[in-house]
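What's counted below: heavy atoms across the whole structure, side chains too, no hydrogens, waters or symmetry copies. So you know, we letter chains A, B, ... as the sequences are listed, proteins then strands, and number each from 1.
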Amino acid sequence: MNFELNELQIAIRDTARKFAEERLAPGARERDRKEIFPREEILEMARLGLMGVNVPEAYGGAEAGAVAYSLALSEIARGDASAAVTMGVTNMCAELICAAGTEEQKRKYVTRLTSGEYVAGAFALSEPQAGSDPAAMTTTAERRGDRWVLNGAKQWITSGDVAGVIVVWAKTDPSAGSKGISCFLVEGGTPGLTVGKPEDKMGLRASHTVPLLFEDCEIPAENLLGQEGEGFKWAMRALDGGRIGIASQSIGIAQAALEASIAYAKERQAFGRPIADFQAIAFKLADMKTELEAARLLTLRAAWMKDRGVRFTREASMAKVFASEAANRVAAEAVQIHGGYGYVDEFPVERHLRDVRVTTIYEGTSEIQRVVIARELLR
Amino acid sequence: MQFDLTETQQMLRDTCREFAARELVPNARRWDEEHRFPEEAVKKLGELGLMGVAVPEEWGGAGADNVSYALAMEEISRGCASTGVIMSVNNSLYCDPVLRYGTDEQKRKWLIPFARGEKLGCFGLTEPEAGSDAAAQKTTAVRDGDHYVINGAKNWITNGTRADAIVLFAMTNKEAGNRGISAFLVDLNAPGVTRAPADRKLGISASESCSLFFENVRVPAENLLGKEGEGFKVAMSTLDGGRIGIAAQALGIARAAFEDALAYSKERKSFGKPISQHQAISFMLADMATEIDAARLLVLRAAALKDQGVRHSAESSMAKLYASEMSHRVTHKAIQIHGGYGYSKEYDVERYYRDSRITEIYEGTSEIQRIVISASLLRS
């Protein structure tokens, strides 16, 4: 039992922290207000190795492992949660292609994702009527000669409009339920792929979320990712890792909210003393810190298990549900500590509260995490 | 970053788990009902080295680390929380300060037999009018030649009814507040010591706490533990470690409640299926398991820091605060899952609920933990 980080993990974390403090945090409010995608910043992150933290060096990654990835993502989220989700999805796509792809697919797509040649990757699983229950999807892929033809609609696709490559799930055998789902690589701008109107979101406003429409969208046969019918397995595996990412993002947002609250509580005076001197405020800070630390340990444990190559489904879900719910409580208390100032965007905590709200929803709602955990317990 | 246990740690944990299943689980309910001190079990704990887990072998202990101690506390408390607190007090509150502050001569007399489990120790800080606020204590120690003369009363002293010795705190300089407190090693069979009958408690009923009265008790000056005026430091650093023990106790109670609830939910049927198949129940189980894991990580991190010899006050407080409040929630849910049976003494979960309640109070209330944590946040 040893809770210390190794040198590589510390180096990646510190790189991400410095970048987040210097390049992300200062502009985060403006990008949130105007819904500006941080394109330049994302490209710089790619140059720092942050778009393939847990991807082999052979494909342009940092090959630093899942613990390093978790630490880096938390640091980026602490500066700008929108940049963090863009980073998270791109990393998830790169890792998935590394795990399931052919050598050619890896050379072609992963290197473009890690290098920043593609500003982002996208992960297209959810549909308007199929979120937590992916087997209910209606998008289809039909084999025609040496092509696959995709038809259907995808919903809530982070970076779907800017992605160079989109991992798309579709039914290749609609009668086979979850075993009839396959996974495909679709390049951005492929004819037959239409990007819908960006969602007007409560938070993460500097990240883009769009619906995608596939109408006789043709892709080469070699763009099948993994084997036919394996799509569900790869989606679940990617989400196990993705959940570590969202847990890490939650932790970063909560950390920012806690730090803002500590600073404010020391400065703001009431009844002749800093409000930090009142137990009503100090005890909130203590609870925020305690829950945040617990969330961090759960998340790092799941990441460590992933690095070790053992099954970590239950631990990833525990980390995700705990970290996202704790982070929501932390951000809500941060607003409370700030009083009226917490409700206006002159201070960052109202953005943190809006940004953190989605973490209990995407990449598996809290309810889905509990289904996963309970299933593992009752096995 | 390494979340694996060493082989030694695993072995100790497994030994404790087997011991708890064999010696504690079958008896814990009866001991609770009869308010019976688990004398035999405590003796066996001593034989297994569990009364001085983190005390080096040369001083009579098992020579294990604090991570092992936390693991052992969880397993023993999973079997019987009363036995857990008896063990925790002897390990964390008695042996640990004697080990850290005692001279070699003191350790030979006051540590070896206690770490071996041949004698039982306790810790006297709290008073009728001074719990969280240690500086408000009224017990005094006045120097008289080569002795100190101690007068005062101590409250809620776990193991006090049976202990052979106590790490006792008393004011040697009333004007100096916290810096006027000193720590002493006191023979509880000395003239002038009176023990009140055991307290009647909500839970941990097989452990005994009581009030102790000191009336002109003459203690040799060589029994001063640490320096004069250093008592507050002795007490606080001891509690930093003690909180790890209590956090692990809370964790063990929660695990017992969770394991019983999980088993019950698979057997009990409603609406044609095991209640574990209803999301209302399975989601409670998911939350219980998640919070138990979170607490264990906080506990083991604090223990690992103590093993490294670095300051761990805030981490111990976070572990203690989270684990104890988690234990309350988990034992509450375990009763809920058992329904009416959970409220009956036919099952163990009502005992777990009562036992867990104290973990939010002793060795620093939740409120004191929040003071420690927020102070560390606001200092930096």
Side-chain angles (χ1 to χ4, degrees), chain A residues 1-6 9 65 67-68 71 258-259 261-262 265-266 274 276-277 279 281-298 300-305 307-308 314-315 317-323 325-326 366-367 369-378, chain B residues 1-6 9 65 67-68 70-71 258 262 265-266 274 276-277 279 281-298 300-305 307-308 314-315 317-323 325-326 366-367 369-378 380:
Chain A
M1 193 74 31
N2 169 4
F3 294 84
E4 281 175 75
L5 303 176
N6 66 33
Q9 290 161 347
V67 166
L71 295 166
L258 173 61
E259 287 172 16
S261 301
I262 292 170
K266 284 170 150 177
D277 284 359
Q279 292 186 336
I281 302 301
F283 283 21
K284 284 187 202 294
L285 295 172
D287 286 338
M288 292 157 81
K289 171 71 174 172
T290 302
E291 292 199 34
L292 182 52
E293 287 300 300
R296 207 187 298 278
L297 291 168
L298 283 171
L300 291 174
R301 178 184 64 166
W304 174 80
M305 289 178 73
D307 278 338
R308 294 262 303 228
R314 174 172 96 165
E315 288 76 9
S317 284
M318 284 180 165
K320 205 274 190 182
V321 68
F322 188 94
E325 296 193 348
S366 287
E367 291 66 35
Q369 308 311 324
R370 291 188 171 95
V371 167
V372 172
I373 297 162
R375 191 187 295 142
E376 297 276 320
L377 291 175
L378 293 162
Chain B
M1 193 131 281
Q2 166 66 263
F3 290 86
D4 271 340
L5 302 177
T6 64
Q9 289 164 348
D65 57 13
V67 166
S68 302
L71 295 166
F258 168 73
L262 181 66
S265 75
K266 290 180 181 174
S276 64
Q277 299 303 314
Q279 288 189 336
I281 303 300
S282 70
F283 279 24
M284 276 196 246
L285 293 168
D287 286 340
M288 291 156 84
T290 301
E291 294 195 17
I292 286 171
D293 274 19
R296 186 179 297 109
L297 289 166
L298 287 170
L300 294 179
R301 180 183 60 167
L305 287 173
D307 282 329
Q308 283 175 32
E315 287 79 6
S317 284
M318 285 193 255
K320 204 277 191 177
L321 171 65
Y322 186 80
E325 298 197 343
M326 173 283 292
S366 288
E367 292 65 38
Q369 309 311 327
R370 290 187 171 95
I371 288 176
V372 173
I373 298 161
S374 60
S376 89
L377 282 176
L378 293 164
S380 48

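For the atom pair B:L285 CG and A:R370 CZ, the distance stands at 12.0 Å (nearest 0.5 Å). With values rounded to the nearest 0.5 angstrom, B:D287 atom CG is found 11.5 Å from A:Q369 atom CD. Atom CZ in A:R301 sits 4.0 Å away from atom CG in B:D293 (nearest 0.5 Å).
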Inset, instruction - Just do the side-chain contact (heavy atoms from CB on, under 4.5 Å) check on B:Q2 and A:R308 with the steps written out, would you? - result: CA-CA 10 Å; B:Q2 166 66 263; A:R308 294 262 303 228; 3.9 Å; yes

Inset, instruction - Begin from the C-alpha positions of B:L262 and A:L378 and carry the test side-chain contact (heavy atoms from CB on, under 4.5 Å) through to its verdict. - result: CA-CA 8 Å; B:L262 181 66; A:L378 293 162; 3.6 Å; yes

Legend entry - B:M1 and A:N6: CA distance, side-chain angles, deciding distance, side-chain contact (heavy atoms from CB on, under 4.5 Å) verdict: CA-CA 7 Å; B:M1 193 131 281; A:N6 66 33; over 6 Å; no

Legend entry - Trace of the side-chain contact (heavy atoms from CB on, under 4.5 Å) decision for B:R370 with A:T290: CA-CA 9 Å; B:R370 290 187 171 95; A:T290 302; over 6 Å; no

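With chain A as the partner, the residue from B:V372, B:L305, B:D4 showing the most heavy-atom pairs under 4.5 Å is B:D4. In terms of non-hydrogen atom pairs under 4.5 Å with chain A, the most contact-rich of B:D307, B:L321, B:L297, B:I373 is B:L297. Chosen from A:L285, A:L5, A:D287, the residue pairing most often with chain B at heavy-atom distances under 4.5 Å is A:D287.
Qualifying ring-ring contact (aromatic ring centres under 6.0 Å, His included) partners for B:F3, counting only residues two or more places apart in sequence or in other chains: A:F3, A:W304.
The two residues A:K266 and B:L378 have their closest heavy-atom pair at CE-O, 2.9 Å.
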